[in-house]
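Taking it in order: structure first as structure tokens, then the write-up.
Numbers for residues simply follow the sequence, beginning at 1. Note that these values count all heavy atoms, side chains included, but never hydrogens, waters or copies made by symmetry.
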Amino acid sequence: MSLSFQSRIVLFFSTLFIVVQILTLLAIYWVCRANIIEQIGQNLIYAENIFNRQLTEHGDRMAGEARILVADYGFRAAISDSDQATQMSALENLIYRIHAQTGFYINLQGRIIADSSGRFQEQMFRFPDAIAKADAQGQAVMFGLLDGELCELVVAPVLAPLTIGWVGIVIPVDHGLVDSFKHLSAMPPDISLLAGSGDSLKILASSLADPSATFFKSGIFQQPVSAFRRPKLVESAAGSLLVLIRPLAAANAGQAISAVFEVNLTQALKPYAILGYVVLGLSIFGLLAILSGAYLLARNIAQPVRALASVSQRIKAGIFGPPLPVSDDELGRLAETFNMASRIAGEMSELKAQDRQRRELVASVSHDLRTPLTSLHGYLETMQLQAGQIADADRQRYLDIAVRQSEKVGRLAQELFELAKLECRATPLQLENFNILELVQDVTQKYGMAAKTRGVDLHAGLDTPLPLVNADIALIERVLTNLIDNALRHTPPGGSVLIELQALAGRIRIAVIDNGEGIAPQFLAKLFDRDSPLSRQAGGGGLGLQIAARIVAMHGGVIQAQSSPGVKTLFSFDLAAAS
């Protein structure tokens, strides 16, 4: 099925908009997703820094409490005296004060001499790396597993002034700690503490509701921890996760302890779903708007194109209608070109018609000229051949007839010349403002003697004041002359010819009325045409009326004729009043 031009435009713009909109939505989605991931990653780094700071501050505070104990003279004296009861009492007081789990006193051989919990008495201390670090730095805060539970271990040396032993404090790190920390962040990540040894992995503490269902069972942790020093996006059974891993200071060199910070990206993107719905709604609204706009645009383009196609068909068929409306754009300029082409084609057609009419006019005028010329030739030839035989009265009669025929020939030739000039626009209008009353009065006076000779009453109704008219005074005088001359020639003695003037809306109406012989109804339809039957009647008045009609048309008016034979004949035309 062939689509119309308008439908193709709508389809093109709609398809183009949909493609661009889809690409735009994809670009917006990926840019927003990347920005959100970047923002969540920054939050993860921020949360990890806070977590580390909290653990460090907590460990430093515990280490400070331990240093207070080891600086106590009584505690050092109890160590020197091997007073185990005093040592135990001091440790219990410290544990009670700082809410720790267990306190140790460790001798120089690494054996636990005093244990506030009583579980590790006389055993070797399990975290020698912590003792080495405490000797090197004055204190040690590390993490390790004690009976399978994650603990924060604080170790401080007992100096007197040399090292005579160490005090160790054990603080449990449980699920409550990581869960409470989770809610300190604006975008709370889930925190899990893991212990790894070789290929084994153990979850020590986690804020996740069900850690076993997460990606911990996947092979992601077979990658080195260094791969997660920056937030990294991983895929798991739980969805897309943004993960950051930070190693913690391990009390045992063979056991790695890490803090895992993770955000479920699917859950994190849910608050942005409303933005997606807004964008989708705007896209649908934009699609409807572009469809409406494309329809209006297509209609505004298709209508002029259809009009141009219609004009081209009319020009092809030789029909020249009204010009197309011209707008100030490319289609308007194209319409102007079509109008010009239509005018040229119309003018060519009119020139052809005028040429045809001109040939007909030449043939008609040739016929009209042949009759008086034949008569004139016949009388002159008779006078030449019978010069001495014609009586004076006959000679005078022949001469009078010859003169009238020559006058008729001269009048036809002059009218033909005037009509030819008007047809080819060789007589440009010389417009001016003048008083039509004065012009009518002058023409009436010029024909006053001829009217009196014929016994016709010629007068003009000049009583009503009228505005000036804007016209070519010489050509309007010619119109009045032709109409009044025709009226006088066709009005019998005793008749009357009246010139009336009347002011209309912005125009002046001039009428020449006589009560002569009148014009038969069958002649009125073609009275001002070139093939008017009156042009072949005696007097040859047809060309004079054609000249008058042409002059009035050049002034934008219309000449009309009404006649009741033997009663009244009226010729009228109108002119524009001067502004």
Residue pair P231 / L44: nearest heavy atoms and the distance that separates them: CB-CD1, 4.3 Å
Atom CD of E149: over 12 foreign heavy atoms under 6.0 Å: no
Any donor-acceptor pair under 3.5 Å from N433 side chain to L468 backbone: no
Distance in Å, N107 CG paired with I79 CD1, rounded so as to fall on 0.5 Å steps: 10.0 Å
Donor-acceptor under 3.5 Å (S89 side chain, A85 main chain): no
side-chain contact (heavy atoms from CB on, under 4.5 Å) evaluation trace for F261 with I245: CA-CA 6 Å; F261 302 84; I245 300 178; over 6 Å; no
Residue pair V155, F125: steps toward the side-chain contact (heavy atoms from CB on, under 4.5 Å) verdict: CA-CA 11 Å; V155 178; F125 188 61; 4.3 Å; yes
Heavy-atom pair with the smallest gap, counting every atom of I559 and V552: N-CG1, 3.9 Å
Separation between CG of N470 and CD1 of I508, rounded to the nearest 0.5 Å: 11.5 Å
Closest contact, heavy atoms only, R126 versus D147: NH1-OD1, 3.3 Å
Straight-line distance of I50 CD1 to Y46 OH, nearest 0.5 Å: 3.5 Å
Heavy-atom pair of closest approach, residues I169 and A100: CG2-CB, 3.6 Å
Ring geometry between H99 and Y96 (parallel below 30°, tilted from 30 to 60°, perpendicular above 60°): tilted
Counterpart residues, side chain to side chain contact (heavy atoms under 4.5 Å, CB included), relative to S283 (two or more places apart): Q21, L25, V279
Q84 (side chain) donor-acceptor with A114 (main chain) under 3.5 angstrom: no
Residue pairs fulfilling salt bridge (Lys or Arg N to Asp or Glu O under 4.0 Å) with at least one residue in residues 80-103, sequence neighbours excluded: E65-R97
R111 CZ to Y105 OH distance, which is reported to the nearest 0.5 Å: 13.0 Å
L69 side chain near V158 side chain, heavy-atom distance below 4.5 Å: no
Non-hydrogen side-chain atoms of I98 and M62 separated by less than 4.5 Å: yes
I22: which of V19, L26, T24 passes side chain to side chain contact (heavy atoms under 4.5 Å, CB included): L26
Working for side-chain contact (heavy atoms from CB on, under 4.5 Å), residues S192 and E262: CA-CA 8 Å; S192 300; E262 61 174 288; 4.3 Å; yes
Shortest non-hydrogen contact between S117 and T102, atoms and distance: OG-CG2, 3.5 Å
Heavy-atom side-chain contact between D115 and E122 under 4.5 Å: no
Side-chain heavy atoms of F120 within contact of L146, under 4.5 Å: yes
Close side-chain approach of V260 and V243, heavy atoms under 4.5 Å: yes
Heavy-atom side-chain proximity of L193 to I257 below 4.5 angstrom: no
Heavy-atom neighbours of I274 CD1 exceed 12 at 6.0 Å: no
Backbone of G103 reached by a side-chain donor or acceptor of S116 within 3.5 Å: yes
Interatomic distance, Q121 atom CD to M88 atom CE [nearest 0.5 angstrom]: 4.5 Å
For the student: nearest non-hydrogen atoms of A251 and F127, plus distance: CB-CD2, 3.4 Å
Close side-chain approach of P157 and D135, heavy atoms under 4.5 Å: yes
Stepwise side-chain contact (heavy atoms from CB on, under 4.5 Å) check, D472 with M554: CA-CA 10 Å; D472 188 319; M554 291 172 62; over 6 Å; no
Interatomic spacing from CG in L241 to CG in L265 - rounded to 0.5 Å: 8.5 Å
